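Written out below as structure tokens is the structure these notes cover.
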Amino acid sequence: MDGSSAYDVLRLTIDTILLACAPVLVVALVVGLVISFIQALTQIQEMTLTFVPKIIAIFAILALTMPFMFNTLTRLSDRVFDLIIAGGL
């Protein structure tokens, strides 16, 4: 295995991780910004007001996007196993 093969596998892994995590991170960011905006408008500074809706949104988006995440990670593992079988790793 040469340096370019290792770089390709590493790049593919990082791309896959970012793609699989993106829905959860985007929802957490949007919910956090909306709650922060509401807190700034109403001047209510309660910590559970930010924590509970964000956790609920994250669990909901995890339940909805779990098949997408599974397929994305399965494609990565299939690719890496194919490279191992072919002798590339």
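Model, not experiment: these values are computed from the prediction.
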Rounded distance (nearest 0.5 Å) linking atom CG of Leu25 with atom CD1 of Ile61: 11.0 Å
Indicate the atoms forming the closest heavy-atom contact of Gln39 with Ile44, along with that distance. CG-O, 3.1 Å
Quick one: closest heavy-atom pair of Ala20 and Pro23, and the distance? O-CD, 3.6 Å
Indicate, with yes or no, if Ile55 and Val27 share a hydrophobic cluster defined by side-chain heavy-atom contacts under 4.5 Å among Ile, Leu, Val, Met, Phe, Trp and Tyr. yes
First locate atom CZ of Phe37, then atom CG of Leu41, and finally report the distance between them rounded to the nearest 0.5 Å. 4.0 Å
When you compare the side chain of Thr72 with that of Leu76, does any pair of heavy atoms fall below 4.5 Å? no
With clusters defined by side-chain heavy atoms of hydrophobic residues (ILVMFWY) lying less than 4.5 Å apart, directly or transitively, does Leu49 cluster with Phe59? yes
Begin with the C-alpha distance, continue with both residues' side-chain angles, and end with the deciding distance and a verdict on side-chain contact (heavy atoms from CB on, under 4.5 Å) for Ile35 and Val31. CA-CA 6 Å; Ile35 297 298; Val31 170; 4.2 Å; yes
Given Leu12, which of Thr16, Asp8, Val9 fulfils the side-chain contact (heavy atoms from CB on, under 4.5 Å) condition? Thr16
Rounded to the nearest 0.5 Å, what separation is found between the CG atom of Leu73 and the CG atom of Leu19? 9.0 Å
Scanning both residues in full, the closest heavy-atom pair of Pro53 with Thr48 reads CD-O, 3.8 Å
Hydrophobic clustering (ILVMFWY, side-chain heavy atoms < 4.5 Å, transitive) - are Val34 and Val26 grouped together? yes
Would you say CZ of Phe68 has more than 12 non-hydrogen atoms from neighbouring residues, nucleotides or ligands within 6.0 angstrom? yes
Heavy atoms only: give me the nearest Ala28-Ile58 pair and the separation to one decimal. CB-CD1, 3.9 Å
From CD1 (Ile38) to OG1 (Thr50), nearest 0.5 Å: 11.5 Å
Please tell me whether Val24 and Met66 are part of a single hydrophobic cluster in this structure, the criterion being side-chain heavy atoms less than 4.5 Å apart. yes
